[in-house]
Amino acid sequence: MRLTVLGACGAWPEAGQACSGYLLEQDGFRLVVDLGYATVPRLLRWVAADEVDAVFVTHGHPDHCADLGALLRARAFHDDPPAPLPVYALPGALDAVLALDRSRLVDAAYVRHDVTAGGQFDVGPFRARTHLLPHFVPNAGVRLAAGGRVLAYTGDTGPCPEVTELAGDADLLLAEATYVDRVPDDSRGFQSSARDAGRQAARAGAARLLLTHLRPGTDHAAAEAAAADGYDGEVGVATADQTADLG
């Protein structure tokens, strides 16, 4: 399983960067997980629009799904349009972003698959299991298994026991860390810090931890140090164009 980070900024993209978006490849199958602001131009550096096999979106905030419309347009207006793109998300999560474009061509470019939180389903070679995690809107953290390896991705969430279950013995935990240490009172319970992510990775027994969704301007070294304070495994901060092979 190979992970390519398309973007990892939280809330809005820094200059030259992108928000949450990840390309996962296994046995020639290409799954995109989240498509936040500015992710499609970076995606197209790695694969053509018609080479994407499926998309999974954790939740409906635009820093996780705004560029879905761009990908659908790139496929719909192709000289030889590919088959409709399977798009997986919680019911209603994509209503707002899809409503931005009512073109018949774009409507024909995808097929929606509503995901039941807590359920399991197959996407190409990936076995996906979702967990409903606490956020301001419904958010589906996802555990993806393929080729004997496991990647767990939180989307956006506050710290909770479900994250530990999601990431249990995972080869890689890709975890939201919007803040380095203290989460503001108005976001507590709905977002996480790097310190939270480290503690949860330790409880889960995850082999590696990759922090993502850091706010623009966050000190990456400070975030890594905060996570490492409660976690003995390998810690890193996700950056655009970074790749990781899980085995």
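Hydrogens, waters and symmetry mates are skipped; everything else that's a heavy atom, side chains included, is used.
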- Message: According to a hydrophobic-cluster definition based on side-chain heavy atoms being under 4.5 Å apart (Ile, Leu, Val, Met, Phe, Trp, Tyr only), do Leu209 and Val163 belong together?
- Response: no

- Task: Tell me whether Val55 is reachable from Val123 by hopping between hydrophobic residues (I, L, V, M, F, W, Y) whose side-chain heavy atoms are closer than 4.5 Å.
- Result: no

- Starting at CZ of Arg42, measure out to CG of Leu23 and round the result to the nearest 0.5 Å. 13.5 Å

- Is the closest side-chain heavy-atom distance between Thr239 and His220 below 4.5 Å? yes

- Message: If I take atom CG from residue Asp67 and atom OG from residue Ser20, how far apart are they, to the nearest 0.5 angstrom?
- Response: 11.5 Å

- Item | Co-membership, hydrophobic cluster, residues Leu44 and Val52, 4.5 Å side-chain | yes

- What heavy-atom pair brings Cys65 and Leu94 nearest, and what distance separates the two atoms? CB-CD2, 4.0 Å

- Message: Between Asp50 and Asp80, is the side-chain contact (heavy atoms from CB on, under 4.5 Å) condition met? List the steps.
- Response: CA-CA 9 Å; Asp50 60 345; Asp80 182 19; over 6 Å; no

- To the nearest 0.5 Å, what is the distance between OH (Tyr88) and CZ (Phe121)? 7.0 Å

- Over all heavy atoms of both residues, which pair between Ala89 and Ala93 is shortest? Give the atoms and the distance, please. CB-CB, 4.3 Å

- Message: For Ser192, is there any backbone N or O sitting under 3.5 Å from a side-chain donor or acceptor partner on Glu176?
- Response: yes

- Query: Atom CD in Gln191, atom CG in Asp156: separation rounded to 0.5 Å?
  - Reply: 6.0 Å

- In this structure, which one of Leu24, Asp245, Leu172, Asp171 forms a side-chain contact (heavy atoms from CB on, under 4.5 Å) with Met1? Leu24

- Item | Arg75 side chain to Ala83 backbone, donor-acceptor under 3.5 Å | yes

- Task: Tell me whether Phe56 is reachable from Leu6 by hopping between hydrophobic residues (I, L, V, M, F, W, Y) whose side-chain heavy atoms are closer than 4.5 Å.
- Result: no

- Item | Distance (rounded to the nearest 0.5 Å) between Tyr22 OH and Leu210 CG | 8.0 Å

- Item | Min side-chain heavy-atom separation Pro184-Tyr179 under 4.5 Å | yes

- Task: Decide side-chain contact (heavy atoms from CB on, under 4.5 Å) for Thr178 and Val183; before the verdict, give the C-alpha distance in whole Å, the side-chain angles of both, and the deciding distance to 0.1 Å.
- Result: CA-CA 8 Å; Thr178 303; Val183 178; over 6 Å; no

- Does the pair Arg2 and Thr243 meet the rule for a side-chain contact (heavy atoms from CB on, under 4.5 Å), with working shown? CA-CA 7 Å; Arg2 183 177 180 85; Thr243 61; 3.5 Å; yes

- Query: Taking all non-hydrogen atoms of both residues, which atom of Tyr231 and which atom of Ala202 are closest, and how far apart?
  - Reply: CD1-N, 3.6 Å

- Task: Go through Val150 and Leu246 one step at a time and tell me if the side-chain contact (heavy atoms from CB on, under 4.5 Å) criterion holds.
- Result: CA-CA 8 Å; Val150 172; Leu246 275 66; over 6 Å; no

- Note on the structure: Note: Ala76 and Pro81 closest approach over all heavy atoms is O-CG, 3.8 Å

- Between CZ of Phe190 and CG of Leu133, what distance do you get to the nearest 0.5 Å? 12.5 Å

- Could you tell me whether a side-chain N or O of Thr58 sits under 3.5 Å from a main-chain N or O of Thr154, the two making a donor and an acceptor? no

- Are Tyr110 and Leu68 joined in one hydrophobic group, where the rule is that I, L, V, M, F, W and Y side chains link up if heavy atoms are under 4.5 Å apart? yes

- Message: Does the plane of the ring in His61 sit parallel, tilted or perpendicular to the ring in His135? Use 30° and 60° as the thresholds.
- Response: perpendicular

- Item | Considering all heavy atoms, the nearest Val57-His59 contact | CG1-O, 3.2 Å

- Item | Polar contact flag, side-chain donor to acceptor under 3.5 angstrom, Thr157-Asn139 | no

- Query: Which heavy atom in Val137 sits nearest to a heavy atom in Gly60, and how many Å separate them?
  - Reply: CG2-N, 4.4 Å

